[in-house]
Amino acid sequence: MTANQRPLDGITVVSLEHAIAAPFCTRQLADLGARVIKIERPGSGDFARGYDERVRGLASHFVWTNRSKESLTLDLKQDEAGAILDTLLGDADVLVQNLAPGAAARMGLSFEALQVRFPRLIVCDISGYGEGGPYEKKKAYDLLIQSEGGFLSVTGGPGEDQMAKAGCSIADISAGMYAYSGILSALLLRGKTGKGSRIDVCMLESLVEWMGYPMYYAF
C-alpha cells in the first residue's frame, strides 16, 4: 500500500444511520478510503448532532463517529427521495442501516428487494436484537443491552447495588465492529463470486459473544 492509496479507495458506502453502531462502523470504512454518504433526516439530522456542543460547537459524539463522511438530507417517505436513493445505490457497493426495526424493509430496502436491481450490493442491517427472534421488533439502547447481555454483572463491585455500566457505549461499539469486519469479509467474498450478500448484526449477540470469557471462567 502506497502513501496515497488506501485499501477501500473506490468503494462507495451509503448509510442510513444515526447514533453510534452504524456510524462507528462506517467511520472505520471511511478511514480505509471508502466514500461514505450519510443519509440524514430533514431538520435535525442524526439526533447525535444534538448531544452536546463541546467540539467547537459540534457534538463530541457526532464528531467521533462521522469524520471523513459526506452528508445528504433526504426525507425517505417522499417518492422523489426514493428516486435519489436508488441513483446512489446504483453506484454503491455497500448499504448500511440501523433504522428502527422493520423501517428499511417497509421502504423497499431489504436485501431481498434490493438484490434484484443491485446484485452486487452488500446490505448490512444493524439492530438491537436481530431478525427472527421474539424481540426483533423492539428498539434497544446501549445500557439495556449491557444489562441483558450480562455485562453489568461482571463490572463494578460484587453486590447488585454496586454493578456499573461501561464508561462508553460498549454494546453499540461491539455491534459496529462486527458490522465493519462483516462488510470487509463480504467485499472479499464478492471479489470471488461477483455477488453481494446480506449481513445481519445485532447489539445483543455482539455483546454476548464478548461475554464468552467471563462465562467460561464462571462455569
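Residue indices begin at 1 and follow the sequence shown.
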In terms of heavy-atom contacts, does [atom1] of [X] have more than 12 from other residues, nucleotides or ligands at under 6.0 Å?
{"X": "Arg117", "atom1": "CZ", "result": "yes"}
{"X": "Glu160", "atom1": "CD", "result": "no"}
{"X": "Glu136", "atom1": "CD", "result": "yes"}

Exercise for review: Heavy atoms only: give me the nearest Ile126-Ala179 pair and the separation to one decimal.
Suggested key: CD1-CB, 3.6 Å
Revision key, fill the gap. All heavy atoms of Ala186 vs all of Ser197, minimum pair found to be CB-OG, 3.5 Å
Practice item. Dump the intermediate steps for ring pair (Phe, Tyr, Trp, His ring centres under 6.0 Å) on Trp210 and Phe151, then the final yes or no. Key: CA-CA 9 Å; Trp210 283 11; Phe151 185 84; 8.6 Å; no
Review point. Can a salt bridge be assigned to the pair Asp9 and Arg35 using a cut-off of 4.0 Å between side-chain N and carboxylate O?
Key: no
**Study point:** Test: Asp46 and Lys38 ion pair at under 4.0 Å
**Key:** yes
Exercise for review: Consider only side-chain N and O atoms of Glu40 and Ser71, and report whether a donor and an acceptor are under 3.5 Å apart.
Suggested key: yes
Review point. Do the side-chain N and O atoms of Glu205 and Tyr178 include a donor-acceptor pair separated by under 3.5 angstrom?
Key: no
Practice item. List the steps and the verdict of salt bridge (charged side-chain N to carboxylate O under 4.0 Å, His left out) for Glu17 and Arg27. Key: CA-CA 11 Å; Glu17 60 178 29; Arg27 193 208 75 184; over 6 Å; no
Review point. Relative to each other, are the rings of Trp64 and Phe24 parallel, tilted or perpendicular (30° and 60° limits)?
Key: tilted
Review point. Aromatic rings His18 and Phe47: how do their planes relate, parallel, tilted or perpendicular, breaks at 30° and 60°?
Key: tilted
Short side-chain to backbone donor-acceptor contact, [X] and [Y], under 3.5 Å:
{"X": "Asp52", "Y": "Ser60", "answer": "yes"}
{"X": "Arg41", "Y": "Gly45", "answer": "yes"}
{"X": "Gln162", "Y": "Gly159", "answer": "yes"}
{"X": "Gln78", "Y": "Glu80", "answer": "no"}
{"X": "Asp142", "Y": "Ala171", "answer": "yes"}
{"X": "Ser169", "Y": "Asp172", "answer": "no"}

Point to revise | Pair Leu16-Val96, side-chain contact (heavy atoms from CB on, under 4.5 Å): steps then yes or no | key: CA-CA 6 Å; Leu16 312 176; Val96 180; over 6 Å; no
Review point. Picking from Val13, Leu32, Asp31, what satisfies side chain to side chain contact (heavy atoms under 4.5 Å, CB included) with Leu8?
Key: Leu32
Is the shortest heavy-atom distance from the side chain of [X] to the side chain of [Y] under 4.5 Å?
{"X": "Ile11", "Y": "Leu187", "answer": "yes"}
{"X": "Tyr180", "Y": "Leu184", "answer": "yes"}
{"X": "Leu89", "Y": "Leu95", "answer": "yes"}
{"X": "Val14", "Y": "Leu85", "answer": "yes"}
{"X": "Ser206", "Y": "Val201", "answer": "yes"}
{"X": "Val154", "Y": "Met211", "answer": "yes"}

Study note, to complete from the structure: Glu131 meets the salt bridge (charged side-chain N to carboxylate O under 4.0 Å, His left out) criterion, sequence neighbours left out, with Arg198
Check your understanding: Who passes side chain to side chain contact (heavy atoms under 4.5 Å, CB included) against Leu143, sequence neighbours left out?
Key -> Tyr141, Leu152, Lys165
Practice item. Report whether Leu121 and Met107 are members of the same hydrophobic cluster (ILVMFWY, side-chain heavy atoms less than 4.5 Å apart, transitive linking). Key: yes
